[in-house]
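In what follows, chains carry the letters A, B, and so on, assigned in the order in which the sequence lines appear, proteins first and then strands, with residues in each chain numbered from 1. This is a predicted model, so every value here is computed, not measured.
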Amino acid sequence: MTETTRTRWSLAALIPKHNATISAAILVLVVLIFLVATQGLIISAGSLNLLATFGPEIILMTLGMGLVLLVGQIDLSVGSMYIASSVVFAGLARYLEISPWLSVVAALLSGVLLGLVNGLLVVTTRISSFIVTLGTMWGFQGLMLVILGATTIPIYRQDDVFNPHDLFAGRLLGLPTQVIWLLVIVVTLGWVRNRTRFGVWMQAVGSNVRAAKMMGLPTRLVTIMAFTISGALAGLAGVIRASQSSQAVPQSGEGVMLMVLAGAIIGGVSLSGGKGDVLGPFLGGLTLLVISTGFVMMGVVNFWTNILIAIAVIATAVAFDRLEALRVRRSIR
Amino acid sequence: MTQPAIRVQGIRKAFGATRALQGVDLEVAPGEILGLIGDNGAGKSTLIKVLSGFERPDGGLIEIDGQPVTLRSPADARRLGIETVYQEQALADDLSVMANLFLGNELRRGWGPFRVLDTRRMRARSQEMLDGLRLRASIDQEARFCSGGEKQGISIARAINVKAKVVILDEPTNALGVVAVDRVLELIRGLREHGIGCIFVSHNIQHVVEVCDRVALFVHGTKLLDTPVSETSALELIELLNQRSGNRI
């Protein structure tokens, strides 16, 4: 009893138990920096609106990346799946004149399908997912460009009827609907990760696939599911993108994957698997968005964003590493 | 005569030209501890892999509680009551002790697809499991912060919890300190009370003699000797090992 009271008052008790705590601290820090640097503009209605409009799609993909990293894999093809989905939406609606609702369903399914392809390839070839998804990153995009060419595809929206734009990039209760989508998905995935067996299994597979197999877990299915979720989220992000901008641009999406990966890392997800939750990547993705919005508000050249993101990524990775060392030292005593 | 917990007959397994197992017979009674010794390459690890579902044998029969079984995967083996405790890597290091104790066997509540982990029940049960074996690890600590002995203990607790019929221990005393070895051997003896048959694989013949009821000696994929420990000695076993599989260094 005395021992616990003693540790409670020692410095060791200050070591955060969860990486998400650090991610939250970094977000707060970044917000504070930009509060000063932009003289409060970062919390102005305009800037928040910018964040709420363009942020959710990136964060959605960051969540997917977090889960893929959690099972010990990586998904470099998120950017391609994201653009592919927006192109499927726009292409079907425009060229084949299919109803926009059906096109949206097809776009979402295309995300699921491409994610499934990634998962199946990784599990059946046993080649590292870095290689597999490096391949599919080029492959998915190449396929799209071959079929459609590098032309922007506009989607005509009929303003008089309820259409996908209202559902994915409209407003509800004063909030952009993409924010509502994001919140629903954060809560759902958080529930899956923290409260269900599947969440534990994902972590077990990423932590020690051999032990997971020995315990009879369906390790391949778990891996495939993680990739499929990543694909599905990229699909949803693509639909939001196309709805928001009323067009799809097959040759875009550059840099999305790296941003998403950086967000997951700032969110406390480990590249070696077995670590990570849903809240962390949410905060990590948000941090990066605050950085880029902040620079926009300051009117600084876009390239500065890259430099600050670089610092944020490396600094947090170091912080997580030190934190880990502290935890080990404390537990060994 | 009680039914053996596990009985294998004529198990064969070859990897290319290497005949790792050349028709092995073995049985373990409930509550019995069988020591498995032999030099490297004697076929011990292949036999373990076959029994834990990692490798499929080329031929032979495996019976659990008198029922013939086919082990296609580790999941099969586990479902049929064979638990394997590997020297390393038996636990997922990033998971808590509790999550490891229930891995693949989680207690849940709720309905259909909305079933959630029943953390409260798992906490209580895992505390009981650790207390029952007098293990001091906290159920919330990550497994990588456990000592080697504690990890073995957790694996053993897990085996008891799922009411395993047979526990295979692969070099459980390797790389452990003296005190930890005693503790692990004590835990293995404890498996007897639960009527669990145990296959104890070790290079350390002292430990085998200390804890086992019977010992089987493997040489080049065949069983050379199978005798009650009371009728042999560590010295005799080492002598035999040297004669039959030595001369290779």
*Option that, when pairs with chain A are counted at under 4.5 Å, heavy atom only, ranks first among B:L95, B:V162, B:D118*: B:L95
_Please classify the contact of B:R115 with chain A as side chain, backbone, both or neither, using a heavy-atom distance under 4.5 Å._
backbone
*Do you know which two heavy atoms are closest between A:M214 and B:R78, and how far apart they sit?*
O-CD, 3.7 Å
_Looking at B:D94 and A:S207, would you say the former's side chain and the latter's main chain have a donor-acceptor pair under 3.5 Å?_
no
_Lys/Arg cation over aromatic B:F102: A:R197, 6.0 Å, 45° cone_ = no
_Least distance between heavy atoms, B:A92 atom then A:A211 atom_ = N-CB, 4.3 Å
_In the structure I gave you, are the side-chain heavy atoms of A:T196 and B:F114 within less than 4.5 Å of one another anywhere?_
no
*So do B:L91 and A:N208 actually touch side chain to side chain, heavy atoms under 4.5 Å?*
no
*With a 4.5 Å limit on heavy-atom distance, are the side chains of B:L117 and A:R195 in contact?*
no
*Is there a side-chain contact between B:V116 and A:W191, using heavy atoms and a 4.5 Å cut-off?*
yes
*Minimum side-chain heavy-atom gap A:L217-B:L103 below 4.5 Å*: yes
*What's the spacing between A:M215 CE and B:E106 CD if we round to 0.5 Å?*
11.0 Å
*Quick one: what part of B:T84 sits under 4.5 Å from any heavy atom of chain A, side chain, backbone, both or neither?*
backbone
*asked:* Can you tell me which portion of B:R158 sits under 4.5 Å from chain A's heavy atoms? Options are side chain, backbone, both or neither.
replied: side chain
*Would you find more than 12 non-hydrogen atoms of other residues, nucleotides or ligands less than 6.0 Å from B:F15 atom CZ?*
yes
